[in-house]
Amino acid sequence: ESSTAIAGGRVFVAGLDGLLRALDLETGEQLWSYQTEAEIKSSPAVFDDTVYIGDEAGFFHAVDVESGEDRWTFETDGGVVSSANQIGDRVLFGSYDQFLYALDRRTGELAWRVETDSYVHATPAVLDGYAYVAGCDGLFRGIRVADGAEGAQISLDGYVAASPALQGGRAFVGSFENEVLGLDLEKSEVIWRYSHPDRHFPFYSSPAVRGDTLVIGGRDKFVHAIDPATGESRWTVGLRARVDASPVISGALVYVADKSGDLIALDLATGAERWRFETGEPIAGSPALASGRLVVTTLDGTVIAFQRKRHS
């Protein structure tokens, strides 16, 4: 169910069998595997020489990129679906025990934890020394990474599982109240709310933003492009199934995947379809793009890699 990570010529993929695997990016050959305590729904995150991953038993693991050996393990009191982020010497993640955690990246020692009022499902975003996370308690929090001091809170009026995207002093996030919200971080307020005029379904996908376009997938089976300044619709594209995977923007294209198993490249400016590949199995994890490769996983446990077509 998780997304892959690409780093150093390797693909890191985690499965519901509890295994974190490293594959060769060029060949798909498995280089090593690491066994966790339970199913993995968290996506791996790679920083320097370490890959970080959480499991459903509540353990958060730091694993050596080269060897697949355990560096350290930290135990929480709930499942870890939130993927990690890092700033400086700290790694940040959330747990279903309702805490956001900051650990020392090298040792796994607890620096601080901040309690929320419900599960922390999303990955925290970091900017200018603060971690920003939207919780299942319907609150968007800014937390100072240096000491865990909580700054502004913004009420989102709804359950949030998606991770926020940041741009130009603003944050953007979708909710289970069928809305996408634009937030002003300095003023700590909601500046716009977007919802489709006819189709009212939750947003589980996290948004991607570049320039004057924000893109997000919906459980209404649509991909939505929104003006990040105003919250007005730019375009919508209907797909065959709901879109829980988060979009990835690269150049003039945005890559999206849906629960029917379709991987689709859309024109970022217009939403026009450029190509489509039907995997035949549902896709829940987001596409990963690096080093000329696009990688997706399907719910039957298949990892598929694409390379850019070379024209003669």
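Numbers here are sequence positions counted from 1.
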Within 6.0 Å of CG in D147, more than 12 heavy atoms from elsewhere: yes
- prompt: Between CG of D64 and CZ of R71, what distance do you get to the nearest 0.5 Å?
  reply: 4.0 Å
query: Side chains of L214 and D227: does their closest heavy-atom pair fall under 4.5 Å?
result: no
task: Verify, without hydrogens or angle tests, whether N85 (side chain) and P124 (backbone) share a donor-acceptor contact under 3.5 angstrom.
output: yes
task: Scan side-chain atoms only and decide if T50 and R105 contain a donor-acceptor pair under the 3.5 Å cut-off.
output: no
- prompt: Short question: side chain of S205, backbone of V243 - any donor-acceptor pair under 3.5 Å?
  reply: no
- prompt: Do any N or O atoms from the side chain of S188 and from the backbone of Q153 form a donor-acceptor pair under 3.5 angstrom?
  reply: no
query: Aromatic rings F47 and Y52: how do their planes relate, parallel, tilted or perpendicular, breaks at 30° and 60°?
result: tilted
task: Give a yes or no answer on whether the side chain of D97 reaches the backbone of D77 with a donor-acceptor pair at less than 3.5 Å.
output: yes
K221 bridged to D258 by N-O distance under 4.0 Å: no
- prompt: F201 ring centre to R219 NZ or CZ under 6.0 Å, with the angle to the axis within 45°?
  reply: no
message: Can you confirm whether V254 sits close enough to V248 that some side-chain heavy atom of one is under 4.5 Å from a side-chain heavy atom of the other?
response: no
message: Could you check whether any side-chain heavy atom of D104 comes within less than 4.5 Å of a side-chain heavy atom of R90, counting everything from C-beta outward?
response: no
query: S2 versus S42: any side-chain heavy-atom pair under 4.5 Å?
result: no
field: Contact summary for W275 and L263, nearest pair of heavy atoms
entry: CZ3-O, 3.8 Å
message: Is there a side-chain contact between T297 and T302 in this structure, where contact means two heavy atoms from C-beta onward sitting under 4.5 Å apart?
response: no
- line: Closest heavy-atom pair, V303 versus V13, reported as atoms and distance to 0.1 Å, is CG2-CG2, 4.1 Å
message: Tell me whether R10 is salt-bridged to E66, with the criterion being a basic N under 4.0 Å from an acidic carboxylate O.
response: yes
message: Are the side chains of Y132 and L127 in contact, using a 4.5 Å heavy-atom criterion?
response: yes
- prompt: So, does R170 use its side chain to make a donor-acceptor pair with the main chain of A229 at under 3.5 Å?
  reply: yes
task: Would you check if the side chain of R199 reaches a backbone N or O of D220 as a donor-acceptor pair within less than 3.5 Å?
output: yes
- prompt: Do V80 and L16 share a hydrophobic cluster, counting only Ile, Leu, Val, Met, Phe, Trp and Tyr and linking them when any side-chain heavy atoms are less than 4.5 Å apart?
  reply: no
- prompt: Going hydrophobic residue to hydrophobic residue with side-chain gaps under 4.5 angstrom, can you get from L139 over to Y119?
  reply: no
- line: Per side chain to side chain contact (heavy atoms under 4.5 Å, CB included), S286 is matched among S206, S246, P247 by S246
- prompt: Is there a chain of hydrophobic side chains (I, L, V, M, F, W, Y, each step under 4.5 Å between heavy atoms) that links L20 to V46?
  reply: yes
Residues that V114 engages under side-chain contact (heavy atoms from CB on, under 4.5 Å), provided they are two or more places apart: W112, I143, E150
- line: A14 and I53 have their tightest heavy-atom pair at CB-CD1, 4.0 Å
query: How are the rings of H196 and F222 set relative to one another: parallel (under 30°), tilted (30 to 60°) or perpendicular (over 60°)?
result: tilted
Pair Q98-D117, side-chain contact (heavy atoms from CB on, under 4.5 Å): steps then yes or no: CA-CA 6 Å; Q98 304 188 170; D117 295 324; 5.6 Å; no
- request: Any chance you could measure Q35, atom CD, to I40, atom CD1, to the nearest 0.5 Å?
  value: 7.5 Å
message: Are the side chains of V63 and E69 in contact, using a 4.5 Å heavy-atom criterion?
response: no
- prompt: Any chance the rings of H121 and Y159 have centres within less than 6.0 Å?
  reply: no
- prompt: Which pair of non-hydrogen atoms, one from V65 and one from W32, has the smallest distance, and what is that distance?
  reply: O-NE1, 2.9 Å
field: Rounded distance (nearest 0.5 Å) linking atom OG of S33 with atom CG of D17
entry: 9.0 Å
field: Heavy-atom side-chain contact between L239 and S260 under 4.5 Å
entry: no
- request: For residues Y34 and G68, report the shortest heavy-atom separation together with the two atoms involved.
  value: CD1-O, 3.4 Å
message: Check for me, please, whether I226 and L181 land in the same ILVMFWY cluster - side-chain distances under 4.5 Å, paths through other members count.
response: no
field: Donor-acceptor contact present, side-chain T236 to main-chain V223, <3.5 Å
entry: no
message: Could you measure the distance from the CG atom of L253 to the CD1 atom of I264? Nearest 0.5 Å is fine.
response: 12.5 Å
- prompt: Do NZ/NE/NH1/NH2 and the carboxylate oxygens of R240 and D262 come within less than 4.0 Å?
  reply: yes
- prompt: Just by distance, with hydrogens left out, do N178 and S175 show a side-chain donor and acceptor under 3.5 Å apart?
  reply: no
task: Tell me, please, which residues at least two apart from Y194 pass side chain to side chain donor-acceptor pair (under 3.5 Å).
output: H224
Single-linkage hydrophobic cluster L166~I216, side-chain heavy atoms < 4.5 angstrom: no
message: Show the nearest heavy-atom pair for residues P44 and S3, with the distance to one decimal.
response: CD-O, 3.1 Å
- prompt: Rounded to the nearest 0.5 Å, how far apart are CD of E177 and CG of L156?
  reply: 10.5 Å
- prompt: How far apart are the C-alpha atoms of K259 and D244, what are their side-chain angles, what is the distance that settles it, and do they pass the salt bridge (Lys or Arg N to Asp or Glu O under 4.0 Å) test?
  reply: CA-CA 7 Å; K259 281 295 185 73; D244 282 353; 3.4 Å; yes
message: side-chain contact (heavy atoms from CB on, under 4.5 Å) for I87 and L92? Distances and angles first, verdict last.
response: CA-CA 8 Å; I87 180 171; L92 311 170; 4.2 Å; yes
Nearest-0.5 Å distance, OH of residue Y255 to CG of residue L268: 11.0 Å
task: Look at the side chain of T116 and the backbone N and O of F99, then say whether any donor-acceptor pair between them is shorter than 3.5 Å.
output: no
task: Please check if any side-chain donor atom of H61 sits under 3.5 Å from a side-chain acceptor atom of D55, or the reverse.
output: yes
Evaluation steps, side-chain contact (heavy atoms from CB on, under 4.5 Å), between R193 and D157: CA-CA 11 Å; R193 295 175 182 267; D157 299 323; 2.8 Å; yes
- request: Can you label the angle between the Y101 ring and the F74 ring as parallel, tilted or perpendicular, going by 30° and 60°?
  value: perpendicular
- request: Could you walk me through whether L23 and L25 pass the side-chain contact (heavy atoms from CB on, under 4.5 Å) test, one step at a time?
  value: CA-CA 6 Å; L23 311 180; L25 179 59; over 6 Å; no
